Colleague: 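Input: one structure, supplied below.
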Amino acid sequence: KWVWDAVKAGYKSGQHWIDAFYGENMIHDPDEFSLDHRHAYAGSGVYGHVQATDFLAIEPLLSTKYNDRSSDYQEKDLLYYGARLLFEGNGFTADSTYVQQTGSITSTKAVEADVDAQGFNLDLSYAFTPQWSVGTTFSYASGDDKSTADNERFDGVFGASDKYYGLIHLMVWSNLFDYGLTANYRPVKELDLRWEYHQLYADDISDTWLSYKSGLTAASDCYGNEIDFMATWTPNKTWKLMAGASVFMPGDAIEEAAAKGQEFLTDETAYAALVQVGYKFSYPL
């Protein structure tokens, strides 16, 4: 979803490292070279890794996101700060990230609102054999409460589009509760099989969901349920093959909004499948 013209610099010392970046994301235009045509968001930030102990890592982050090219607002100027904590030991893994979002958004009518939003992810898993592991996942991102002067909608920090919220990508890290179960099976070293189940809810059903600017016209806050499967085969260091499939079953909120005739919305079950082949090579200089 994000394609960049960007620069990144980093420093590493042992197990510790820090990266700094600046970039501008491209608006897709196949007829124009990216450096010559209009960009949308500009962002900068730092991200670090501190190996506190053999089993605990801390990764602080600080980033900005700015945009003044939108028909929905005059200007969006956001600041993100937070950290990731990763614990790994005795077959148990706990991986959590918390991000606080501040800044301001100026509407098309030149009304400025302060931003006060949060995003949180938590993955817990346990490998009870070398082949099998099971876990649970939880994601939260605040939605905007229209009764307050502030804007509480979490507007996804960079790099957060693909790992969570289901394989079909009907959800993003904004106005969301995601409760999930996971299972991994590795019959041989080269093959990994992963299953996921997600129950998806809105933080505020009247707020934006994906491309819906006015939210869903429903009393329920349940988007629906999604089941995902992904197989990854890495026969050697050169080749990597992936195949996956998903099914999304709309919940009460989507069914209710579709029954009321909301535009561009269906309550039919959605399916998706993918196949991806990766080839990695190096050329000696």
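A quick note: this is a predicted structure, and the numbers were derived from the prediction, not measured.
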Colleague: Give a yes or no answer on whether the side chain of N67 reaches the backbone of R69 with a donor-acceptor pair at less than 3.5 Å.
Modeller: yes

Colleague: Does D114 use its side chain to pair, donor to acceptor, with the backbone of D150 at less than 3.5 Å?
Modeller: no

Colleague: Under 6.0 Å between ring centres, would you say that holds for Y126 and F92?
Modeller: no

Colleague: Would you say L193 and F128 are hydrophobically clustered, going by side-chain heavy atoms of ILVMFWY under 4.5 Å?
Modeller: yes

Colleague: Ignoring hydrogens and geometry, is there a side-chain-to-backbone donor-acceptor pair from K65 to D155 under 3.5 Å?
Modeller: yes

Colleague: Calculate, to the nearest 0.5 Å, the distance between atoms CG and CD belonging to L85 and E59 respectively.
Modeller: 9.0 Å

Colleague: Would you say the side-chain atoms of Q262 pair up with the backbone N or O of L216, donor to acceptor, closer than 3.5 Å?
Modeller: no

Colleague: Quick check: does any side chain N or O of T136 sit under 3.5 Å from a backbone N or O of G180, one acting as donor and the other as acceptor?
Modeller: yes

Colleague: Specify the closest pair of heavy atoms between D145 and T148, including all atoms of both residues, with the distance to one decimal.
Modeller: O-OG1, 3.0 Å

Colleague: Please tell me if the side chains of E190 and N236 come closer than 4.5 Å, counting only heavy atoms from C-beta onward.
Modeller: no

Colleague: Output, in order, the C-alpha distance, side-chain angles, deciding distance and verdict of side chain to side chain contact (heavy atoms under 4.5 Å, CB included) for C222 and Y201.
Modeller: CA-CA 4 Å; C222 179; Y201 298 85; 3.7 Å; yes

Colleague: Quick check: does any side chain N or O of S139 sit under 3.5 Å from a backbone N or O of D178, one acting as donor and the other as acceptor?
Modeller: no

Colleague: With rounding to the nearest 0.5 angstrom, report the CD1 to NE2 distance, I227 to H198.
Modeller: 10.5 Å

Colleague: When you compare the side chains of D116 and Q118, does any donor N or O come within less than 3.5 Å of an acceptor on the partner?
Modeller: yes

Colleague: Evaluate whether atom CD of Q15 has more than 12 neighbouring non-hydrogen atoms of other residues, nucleotides or ligands under 6.0 angstrom away.
Modeller: no

Colleague: For N175 and D204, work out which heavy atoms get closest and say how close.
Modeller: OD1-N, 2.8 Å

Colleague: Measure the acute angle between the ring planes of Y185 and W132, then classify it against the limits of 30° and 60° as parallel, tilted or perpendicular.
Modeller: parallel

Colleague: Rounded at 0.5 Å granularity, tell me how far CG in D68 sits from NZ in K76.
Modeller: 12.0 Å

Colleague: Test of understanding: clusters of I, L, V, M, F, W, Y form through side-chain heavy atoms closer than 4.5 Å, transitively. Do W173 and L78 belong to the same one?
Modeller: yes

Colleague: Supply the atom-to-atom distance D54 CG to E88 CD, rounded to the nearest 0.5 angstrom.
Modeller: 11.5 Å

Colleague: Verify the cluster assignment for W233 and F229: are they in a single hydrophobic cluster under the rule of side-chain heavy atoms below 4.5 Å apart?
Modeller: yes

Colleague: Hey, does N225 have a side-chain heavy atom less than 4.5 Å from the side chain of Q199?
Modeller: yes

Colleague: Look at atom OH of Y11 and say whether more than 12 heavy atoms of other residues, nucleotides or ligands are closer to it than 6.0 Å.
Modeller: no

Colleague: Can you tell me how far the CG atom of L274 sits from the CD1 atom of I168, to the nearest 0.5 Å?
Modeller: 10.5 Å

Colleague: Are there more than 12 heavy atoms of other residues, nucleotides or ligands under 6.0 Å from atom CH2 of W195?
Modeller: yes

Colleague: For L200 and M171, which heavy atoms make the closest approach, and how far apart are they?
Modeller: CD1-CG, 3.8 Å

Colleague: Any side-chain heavy atom of P235 sitting closer than 4.5 Å to one from L241?
Modeller: yes

Colleague: Using modelled atom types and a 3.5 Å cut-off, is there a donor and acceptor pairing between side-chain atoms of Q101 and backbone atoms of G119?
Modeller: no

Colleague: Do Y283 and W239 sit in the same hydrophobic cluster, where Ile, Leu, Val, Met, Phe, Trp and Tyr count as joined when their side-chain heavy atoms come under 4.5 Å apart?
Modeller: no

Colleague: Taking the side chain as every heavy atom from C-beta outward, state whether M230 and D228 have any atom pair closer than 4.5 Å.
Modeller: no

Colleague: With heavy-atom distances below 4.5 Å as the criterion, would you say the side chains of T208 and D144 are in contact?
Modeller: no

Colleague: Step by step, work out the side chain to side chain contact (heavy atoms under 4.5 Å, CB included) result for W17 and D19.
Modeller: CA-CA 7 Å; W17 51 262; D19 287 336; 3.8 Å; yes

Colleague: Please report the interatomic distance CD1(I58) to NE2(H49), rounded to the nearest 0.5 Å.
Modeller: 9.5 Å

Colleague: Under 3.5 Å, is there a donor-acceptor pair between the side chain of E152 and the main chain of V115?
Modeller: no

Colleague: A quick test of your reading: do over 12 heavy atoms of other residues, nucleotides or ligands sit less than 6.0 Å from NZ of K8?
Modeller: no

Colleague: Taking the side chain as everything from C-beta on, heavy atoms only, tell me whether D203 gets closer than 4.5 Å to R153.
Modeller: no

Colleague: What are the two closest non-hydrogen atoms of T182 and R194, and how far apart are they?
Modeller: CG2-NH2, 3.3 Å

Colleague: Tell me whether E226 contacts the main-chain N or O of L167 through its side chain, where contact means a donor paired with an acceptor under 3.5 Å.
Modeller: yes

Colleague: Checking S174 side chain against F154 main chain: does a donor-acceptor pair fall under 3.5 Å?
Modeller: yes

Colleague: Does a donor on one side chain and an acceptor on the other come within less than 3.5 Å for N184 and D192?
Modeller: yes

Colleague: Between Y165, F138, Y223, Y140, which is the residue that forms a ring-ring contact (aromatic ring centres under 6.0 Å, His included) with Y179?
Modeller: F138

Colleague: If every non-hydrogen atom of N25 is compared with every non-hydrogen atom of Y41, which pair is closest and at what distance?
Modeller: OD1-N, 2.6 Å

Colleague: Any side-chain heavy-atom pair from I254 and L265 closer than 4.5 angstrom?
Modeller: yes

Colleague: Any chain of hydrophobic side-chain contacts (each under 4.5 Å) joining M249 to Y271?
Modeller: yes

Colleague: Side chains of Y279 and T238: closer than 4.5 Å at any heavy-atom pair?
Modeller: yes

Colleague: For the residue pair Q51 and H16, what are the closest heavy atoms and their distance?
Modeller: N-ND1, 3.1 Å

